[in-house]
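Before any comments, here is the structure.
Hydrogens, waters and symmetry mates are skipped; everything else that's a heavy atom, side chains included, is used. Numbering of ligands and ligand atoms starts at 1, following listing order.
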Amino acid sequence: MRKPHPQDRPGLRDLARTRGLLFGAAVSTADLDSEAYRAALLRECSLISAEYEMKWDAVERVGYGPADALVGFAGAHGLAVHGHTLWWHESVPPPWSGAPRDRFAAAAFDHLGAAVGRYAGRIASWDVVNEPLDLDHGRSGGLRASPFLDAFGPGYVGAAFRAAAEADARAVLVLNEMGLEYDSPDADAKRRAMLDLLERELAAGTPIHALGMQSHIEAGSQPRDHPALAAFLREVAGLGLSVMITEMDVADWRCPRDRRDAMVADAYRRHIGLVLEACPTLAVTTWGLADARTWLSAFRPREDGAPVRPLPLDRRLRRKPAWHAIAAALAATPPCGTLEPDGVHGTEDPPESG
Ligand code: G3I
């Protein structure tokens, strides 16, 4: 009888499912070229999110082939797919940057309808609009100055969500944002602006179903207790919305080398525990599954040159303290919302077509 291997123990996906939520990771087709990485994804994840290959600039550049491969892999293995992302100021293809407003608007709608329509019924959730806020831009409601705001005005958020709902009535539609997690006056102001935006849009009937919290945080920088974030999330829940942790990683670039794994793990446990406690949560997703695949290697390199360690698995796909911290946070949480691979759990069947 083979001695059970530590990796045979239940994965984060199994622990998450006992709580009625999904656990996922950002993935690229390059990850799927590795049999070991595919196995780790299948062991740990019930959801995958496209790190790059579903973005407008990626699709414009190379077509839907890579995105199709990701959706095909998920479908073959019963994984949910979180579509990332339809309208984002950083993924506007060069031909459209600076185009006349009416031409940009038409192209933006064409892309959104084509992408959502292509995968209708096969993608559980979409980041419809990514990073709509930047209070430093001084625009009304703290909206970020972007080609979308220029082309459509403040109504672009609602326009995007209505178009996405039209193209796929079953998908969970998510408004995704960064920096809502931090403990600062700027973050307080951004959380307030987000609540105002959500209230305006929901009052106008915009079909927003969930708030995506990217959760790119830094070990040692989050407070041990974060009542402002908990209160914000309770207000989000009060609007009838769920949340998704959509892109979590914990940068260790400023941690002492001998304490970084413990500090990263503590940040995962506290942040995930706080979110799951405060608001119905559909999924927890890390921005990559293993350290060899993190964008932080370039964005937040360590001064000592040591490879960064921000994710649940190490470079050899072994479970780290961060993995165990996520497992502990999931285990400590009462069951909450569910986003099943075939769509939102408990939603009404789509209206009969025709
Ligand atoms: O794959 C192509 C390659 O064929 C080409 O030769 C090369 C030329 O530049 O580009 C390669 O694509 C790169 C892609 O990552 C895949 O590696 C793009 O240039 C590069 O811009 C892209 O960066 C991604 C970035 O978003 C911009 O889309 C990062 O991987 C991804 O981690 C990052 O993720 C963002 C979220 O979408 C939103 N929240 C913040 C997060 C981190 O920035």
Is the CZ atom of Arg101 crowded by more than 12 outside heavy atoms at less than 6.0 Å? no
Glu53 near ligand 1, heavy-atom distance under 4.0 Å? no
Has the side chain of His89 got a donor or acceptor atom that lies under 3.5 Å from a matching backbone atom of Pro132? no
Atoms of ligand 1, numbered as shown, that sit under 4.0 Å from any heavy atom of Asn130: 38 (C)
Determine if the distance from atom 26 (O) of ligand 1 to the closest protein heavy atom is below 4.0 Å. yes
For Gln214, counting its heavy atoms only, list the atoms of ligand 1 lying under 4.0 Å from any of them. 39 (N), 40 (C)
Are more than 12 heavy atoms, taken from residues, nucleotides or ligands other than Glu235, located less than 6.0 Å from that residue's CD atom? yes
Any protein heavy atom sitting closer than 4.0 Å to atom 1 (O) of ligand 1? no
Considering only the protein, which heavy-atom contact is closest to atom 36 (C) of ligand 1, and what is its distance? His84 NE2, 3.4 Å
Polar contacts were defined as any N/O atom of the residue lying under 3.5 Å from an N/O atom of the ligand; does this apply to Lys55 and ligand 1? yes
Salt bridge check: are Arg270 and Asp266 linked by an N-O gap of less than 4.0 Å? yes
the protein heavy atom lying closest to atom 20 (C) of ligand 1 turns out to be Tyr52 CE1, 4.5 Å
Let me know which of Gln214, Glu177, Lys55 forms a side chain to side chain donor-acceptor pair (under 3.5 Å) with Asn130. Gln214
For the pair His84 and Trp287, name the ring-plane relationship: parallel under 30°, tilted 30 to 60°, perpendicular over 60°. perpendicular
Scan the protein's non-hydrogen atoms and note whether one is under 4.0 Å from atom 32 (O) of ligand 1. yes
Atom 8 (C) of ligand 1 sits nearest the protein heavy atom Arg61 NH1, 4.1 Å
Nearest to atom 34 (O) of ligand 1, what protein heavy atom do you find, and at what distance? Trp287 NE1, 3.2 Å
Does the protein place any heavy atom closer than 4.0 Å to atom 43 (O) of ligand 1? yes
Between the candidates Glu51, Glu90, Glu247, which shows the shortest non-hydrogen contact distance to atom 40 (C) of ligand 1? Glu247
For a quick check under 3.5 Å, do His271 and Ser215 share a side-chain donor-acceptor pair by atom type? yes
Where does the angle between the aromatic ring planes of Phe299 and Trp295 fall among parallel (under 30°), tilted (30 to 60°) and perpendicular (over 60°)? parallel
Between Tyr64 and Tyr119, how do the two ring planes meet: parallel, tilted or perpendicular, split at 30° and 60°? perpendicular
Of the backbone atoms (N, CA, C, O) and the side-chain heavy atoms from C-beta on, which set of Trp88 has a member under 4.0 Å from an atom of ligand 1: side chain, backbone, both, or neither? side chain
